[in-house]
Undergrad: 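Below you will find the structure I want to go over with you.
Below, chains carry the letters A, B, ... as their sequence lines are ordered, and counting in each starts from 1.
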Amino acid sequence: MFRKGERTGAPDLTLLSARSREGLKIGLSVSKKVGGAVVRNRVKRLLREAIRPLEDSIFKGCMYVIVAHPSLADKPYCEVCRQVRLVFERAGRLTC
RNA sequence: CGAGCUAGCCGGGUUGCCGCAUGAAAUAUUUGAGGAAAGUCCGAGCAUCAAUGGGCAAGAGUGCAAGCUAACUACUUGUGAAGGCGACUUCAAGGACAGUGCAACAGAAAAAUACCGCCCAAAAGGUUUCCCCUUUCGGGUAAGGAUGGAAAGGCGAGGUAAGAGCUCACCCGCAAAUUGGCGACAAGGCGCGAUGUAAACCCCACUCGAUGCAAGAUCGGGAGCAUUUAUGCAGCCCUAGCGCUCCCCACAUCGCUUGAGCGAUAUAGCGAUAUACCGCCUAGAUAGAUGGCAACCGAACACAGAACUCGGCUUACAGACUAACUCGUGCU
RNA sequence: GCGGGAGUGACUCAGUGGUAGAGUGUCACCUUGCCAAGGUGAAAGUCGCGGGUCCGAGUCCCGUCUCCCGCU
């Protein structure tokens with residue numbers, strides 16, 4: 001994914017997407033630079049919650065990885081939601 | 001009222017909708033992070049390693065006493081030392097006449113020494129009768145000598161050729177008999193006067209086999225050596241035992257949560273803790289589960305996320321509460 | 001999860017318990033018509049942080065923080 005994927009950016013996160021035959025798969029990458037265990041778990045939860053309402057409208061033929069930047073750690077939920085929607089729109093993967 | 005000190009406790013709760021993991025089980029429901037889950041600094045369980053069964057070496061750790069515990073270097077209560085007016089707090093707290101090393105600079109000298117000084121005797125010289133002065137050699141001495149963290153117990157008197165605990169008074173330190181205490185130790189003081197450093201090596205006493213759930217168990221295939229002896233398998237030895245070595249595939253299931261478990265009460269104990277009885281079941285994932293949107297409570301804002309499990313230690317921490325005690329001030 | 005190492009001038013590193021050093025760089029002066037090279041001199045250190053042992057700690061001991069590496 002990191003070698004071949006197509007990159008799309010937002011202020012505090014990056015989306016990698018690549019064609020796959022296995023259907024929709026979404027991974028999260030939150031490195032130690034973001035924070036300790038508590039902070040990283042929270043970031044992952046917020047990202048999952050942000051993806052959940054979009055799940056039906058995302059293009060099914062790809063695998064995705066969302067990379068969180070350290071600046072995402074102190075953003076509120078609505079901001080995370082906005083950026084996730086933005087990054088999928090920019091990549092042209094939303095079908096609705 | 002102010003300042004302090006010690007111990008303990010909490011560190012969110014309730015409701016609705018959507019969502020995650022798990023159990024029972026079949027559409028509705030059970031349970032779901034911490035006081036430190038952290039650091040990994042100690043101690044155990046459990047597992048494997050040739051039985052790690054007995055002994056040795058090497059290495060590591062600990063170092064006041066009694067108790068407590070499954071165990072401990074932890075903990076409790078004491079002893080001693082240091083700090084604080086006090087409540088109280090802190091302490092790796094054995095041994096320096098078993099041995100070795102080190103003590104920079106300064107200083108005569110750093111562990112036993114005579115450089116200067118002081119004193120005695122002899123010789124030579126000056127003077128020349130002596131006294132006195134200078135030099136050399138030999139001996140005595142630790143009173144004085146700008147140092148240093150530390151200088152051979154301190155200070156005064158006697159004493160002496162000069163001096164010296166050599167003797168004496170007062171003080172300092174070590175300390176035998178005896179007495180009290182289970183003990184550390186305390187009181188006591190015959191006698192004695194020893195540099196410091198063991199958190200330098202070390203000595204003495206005591207303790208420790210190694211590796212860790214990524215341990216390991218179950219399930220598959222292949223190669224080499226050996227052919228029931230021997231070789232080989234542990235740091236070394238003894239006894240017992242065993243075919244040995246290597247590679248690939250796979251990550252499924254088990255280990256995986258009921259345990260030296262938690263809570264209340266009573267009894268024993270100053271306490272750590274123990275005993276009895278009653279009640280409770282309280283995460284178990286495997287890319288790794290607790291979140292989102294709202295409402296209310298007076299405010300919900302700290303440090304922070306289980307990964308085999310327990311007992312401690314250490315470190316981080318917004319705020320809230322309870323009790324005992326100490327010091328100061330004012331009033332009665 | 002388990003184990004090991006490092007932290008010293010701006011940078012790279014030395015450093016037996018006894019005044020903290022070297023090279024590169026920086027600054028000033030000399031040299032040159034100017035620059036470089038060369039020469040002379042100077043400044044720059046909470047020895048990661050907090051305690052302890054010691055007369056005295058960068059060094060020894062304990063705790064702590066950050067970074068790096070290995071097993072897997």
Undergrad: For R40(A) and A287(B), what is the distance between atoms CZ and P respectively, to the nearest whole Å?
TA: 17 Å
Undergrad: Would you classify U257(B) as syn or anti? Syn applies when the glycosidic angle is within 90° of 0.
TA: syn
Undergrad: Closest to the L46(A) side chain: G292(B), G288(B), G305(B)?
TA: G292(B)
Undergrad: Between U286(B) atom C1' and K44(A) atom NZ, what is the distance in whole Å?
TA: 13 Å
Undergrad: Would you indicate which nucleotide in G305(B), C293(B), G19(B) comes nearest to any side-chain atom of R52(A)?
TA: G19(B)
Undergrad: Can you check whether Q83(A) reaches V87(A) side chain to side chain, under 4.5 Å on heavy atoms?
TA: no
Undergrad: Syn or anti for G35(B), taking syn as within 90° of 0?
TA: syn
Undergrad: When the P atoms of C27(C) and C68(C) are compared, how many Å lie between them, rounded to an integer?
TA: 33 Å
Undergrad: Suppose you measure atom P in C192(B) against the same atom in U167(B); what distance do you get, rounded to whole Å?
TA: 9 Å
Undergrad: Given the C1' atoms of U64(C) and A44(C), what is the spacing between them in whole Å?
TA: 30 Å
Undergrad: With rounding to whole Å, what would you report as the distance between G61(B) and C88(B) at their C1' atoms?
TA: 33 Å
Undergrad: Round to a whole Å and report the spacing from OH of Y77(A) to C1' of G19(B).
TA: 10 Å
Undergrad: Compare side-chain N and O positions of R48(A) against OP1 and OP2 of C18(B) and report whether any pair is under 4.0 Å apart.
TA: no
Undergrad: Among the candidates G19(B), A289(B), A304(B), find the nucleotide nearest to the side-chain atoms of V38(A).
TA: A304(B)
Undergrad: Can you tell me how far P in A36(B) sits from the matching atom in G19(B), rounded to whole Å?
TA: 38 Å
Undergrad: Using a heavy-atom cut-off of 4.0 Å across all strands, would you classify L28(A) as base, sugar-phosphate, or nothing?
TA: nothing
Undergrad: What's the CG-P distance between L47(A) and G292(B), to the nearest Å?
TA: 12 Å
Undergrad: Among A304(B), A289(B), G291(B), which nucleotide has an atom closest to any side-chain atom of E49(A)?
TA: G291(B)
Undergrad: Determine whether any donor atom in the side chain of R42(A) lies under 3.5 Å from an acceptor atom in the base of G292(B), or the reverse, and answer yes or no.
TA: no
Undergrad: Give me the distance, rounded to whole Å, that separates A121(B) from G139(B) when you measure between the C1' atoms they each carry.
TA: 8 Å
Undergrad: Using the P atom as the reference point in each nucleotide, state the distance between C42(B) and C75(B) in Å, no decimals.
TA: 16 Å
Undergrad: Work out how far the C1' atom of A272(B) is from that of U69(B), and round it to whole angstrom.
TA: 9 Å
Undergrad: For A324(B), is chi within 90° of 0 (syn) or not (anti)?
TA: anti
Undergrad: Report the glycosidic orientation of G165(B): syn if within 90° of 0, anti in every other case.
TA: syn
Undergrad: Return the value, rounded to whole Å, for the distance between atom CG of N41(A) and atom C1' of U290(B).
TA: 10 Å
